[in-house]
Amino acid sequence: MPGPSSRKKKKKGKQSKQAKETTTVRLPEIEDVEGWNDIISAITVFFELPDFTKRSGIKQAHVEFDTIVSKLILAYQACGDFWKLKGGIVGIIAKISADTILRNKLVHKGILHLVLPLFDVDETRHIALQSLVCIARNGDQIVCLEITRIAEKIIKLLNDFPADDKVTEFCVMVLALTFPTWVYTGGPTQPRYPLIGSMLEAVMEAIRRPHQPSRYLVEHAVDLIRKITENAWKDVRAHPPAIEFLTAGLSSKDWIVRSKCLGGLLRLYDPGSEHEGTYFEMMHILSASDRLTPKLNQALEDYGIDRTEIYFGLTCTLDSNHAIAKFEEDRNLYALGLKFAWLIMHNDSSIVLTGGEPEISPDGLPDARSLNILPLAAAAIRMRGNPAELDFADALDIKYYFQKEQPQAIVDLVEKGLQRNPKQSYYYYAMVRLRKEDHVDALRFAKKGLKCEQLPPFIRRRLLHMAVHLAGNTGFLMLQELTDSDAGKEKWEKGIAFFMSAYEDARVLLDEAPPDSKYLKDAGYWFVLLSIVIREDLSPDLRELSPALKRTQLAREFYQAIFATPPMTIIRMTQEEIVKHYPSAIQNFGPLFTALDTAKGVPKADVKHGVTADDVEAWFERMNMEDMKDPVFTPKSTLRTVDFEHVTLYRCSWCGNPSAALKKCSRCTKTLYCDGDCQKSHWTVHKKVCNRQ
């Protein structure tokens, strides 16, 4: 009598035989089935496969990986030209690849070779490409490198089927998901991948076709071109439509899209950009009047000669020389110190002193043009014991320590000085210079300094200039770190708060600075760039920015005559290229981003996906991973618009400093401050409403 073990073996053998036989026939169960969802379900049931849309199914795939994959591959190889079966098998394999470990094992098994033949068959082309998207999504470097080996085939499909929106969308998605690994397959020293140019041309041609592209096509095209600018910027610069596409993206109401396009444009012009010069010979500046054109001279007269920086600089230099000559007569350190301190606080560059060993006069004092005169003059001021003059003594010592490169001594002086006089702007100016590499800290000092009452024009312009650079660059960095999964407004509204701070300070500097100010052109670059990024009321021809553009051009001509050839900084190059391409960008690609905004603004249930109407999309997206904490697929993004009034919640209620670490008023919890000093300074205004709030 046969035992249990015999019966078990018999049952297993029968299944094996059935499976083998069914792979040699046409599988009647799916012969008349049209939808891929039903086809895949029928194959899953027939081969007794687990449900790979659930965590339990994925777990079983880990345990029985070789058995399951071997069964599917054998069935694929044995079904001849039965394309429905082949397409369904590839779809199942793609679903298994949602798991990272399984995906790598599948690629190692060579499953991409199962996908390729399906590209050439009308019936299976869509599911093959959709499956490739699933395999490429979140794929590691090995997976992406394998896919890059068929990149030429993907580009060919993009060109060969211009009327097929699904092919266009899926091809662009695959290229965008795998691009970072195939730019330099052998490392950064290898020549650029030869297909980048043809790929870029094919993608841009696909986007410009007279059809209504899906939101996924536009979003992945943005991702792709943004990534290309990082590693193959020469190809993008040589292809104006790609620049126009990114430029048009700045008009999107979605801040994630806008930030990606801006980041791509900045990276595009970073290579070869120059840094701003910081030091110029005073005699060269003072002789600038000989190099000014009639146009520039007229601009100075219109503004008021006595209010210009050239005039003020010349006056301060003459005062400095007069003070030195007087000191040589009376040897009065106290008087020299007061004059030098005033000049340092009003035009630091007018005091030019030499280092090294000074010549010592018979009275034991160094030459007045020696750096060592500063601490002696500071000591003379302190000896008088006048509290109102202690800031002057500190200014002399701070300048001395800057030239001696003693940062801690500067910090000690500033901390004591601010405790004594928190309204002295020169202390904040010194800390901005000292901490300029720490953008957040330096910006905080700049914004506090701008609120001081004792604020000479020289320091005000310098603080505004630094505040623009610091806030603008910080905003760029914060927004570039965002992804589509950052659904919470807080993450990107903080970045926008920095943009708004830079925009406002750039506008003030552009309005206030004299035409010969060396900071004016940079303020113009930033103002125009941030206006395009922030404002939503600009005309395609940017007529609203015409006055700012003209003022910036005049400032650049002054800089050329007074200082040197204006450097091609990354902000200047980016701004100029955006302005140049903006009219044609809005005309050619503006409607794409308008449609994208509309699609992303429609409630999820009402969005028409267009090219994903096939029910295979529903099967691929139907994930029920039970208690899995990390979803396999990134949630679809929605429109990220900005309430600019809400953005003010990320700025200090007193100094306007944008920060991610502001502290609330403990009484009303409505106002926010950098620290206790800002809260105290604001209290005279805030106390009137604090109790009511």
Lys NZ or Arg CZ of Arg307 over Tyr303 ring: under 6.0 Å, within 45°: yes

Neighbour count >12 (heavy atoms, 6.0 Å) for atom OH, Tyr334: yes

Between Asp302 and Gln298, a side-chain donor and acceptor under 3.5 Å: yes

Donor-acceptor pair between Asn473 and His439 side chains, under 3.5 angstrom: no

Charged N-O contact under 4.0 Å between Glu577 and Lys580: yes

Tyr426-Trp342 aromatic ring centre distance below 6.0 Å: no

Under-4.0 Å salt bridge between Asp394 and Lys416: no

Flag if over 12 foreign heavy atoms under 6.0 Å of CD, Glu405: no

Whether Tyr428 and Phe445 hold their rings parallel, tilted or perpendicular, with breakpoints at 30° and 60°: tilted

Side-chain donor or acceptor of Ser259 paired with backbone N/O of Trp255 under 3.5 Å: yes

Side chain to side chain contact (heavy atoms under 4.5 Å, CB included) partner of Tyr311, the single match among Leu300, Asp516, Asp306: Asp306

Aromatic centroids of Tyr429 and Phe458 separated by under 6.0 Å: yes

Heavy-atom pair of closest approach, residues Leu538 and Ser531: CD1-O, 3.6 Å

Ionic contact status for Arg543 with Asp541, cut-off 4.0 Å: yes

Pro407: side-chain contact (heavy atoms from CB on, under 4.5 Å) partners, not counting sequence neighbours: Leu434

Ion pair Arg382/Asp397, N-O distance below 4.0 Å: yes

Aromatic ring pairing Phe476/Phe499, orientation class (parallel under 30°, perpendicular over 60°, tilted between): perpendicular

Cation-pi, Phe402 ring and Arg433 (6.0 angstrom, 45 degrees): yes

Stepwise side chain to side chain contact (heavy atoms under 4.5 Å, CB included) check, Asp537 with Glu544: CA-CA 9 Å; Asp537 61 341; Glu544 297 85 355; 5.7 Å; no

Side-chain donor-acceptor pairs under 3.5 Å in residues 560-570, sequence neighbours left out?
from: Gln560; atom 1: NE2; to: Thr565; atom 2: OG1; distance (Å): 3.4
from: Thr569; atom 1: OG1; to: Arg572; atom 2: N; distance (Å): 3.2

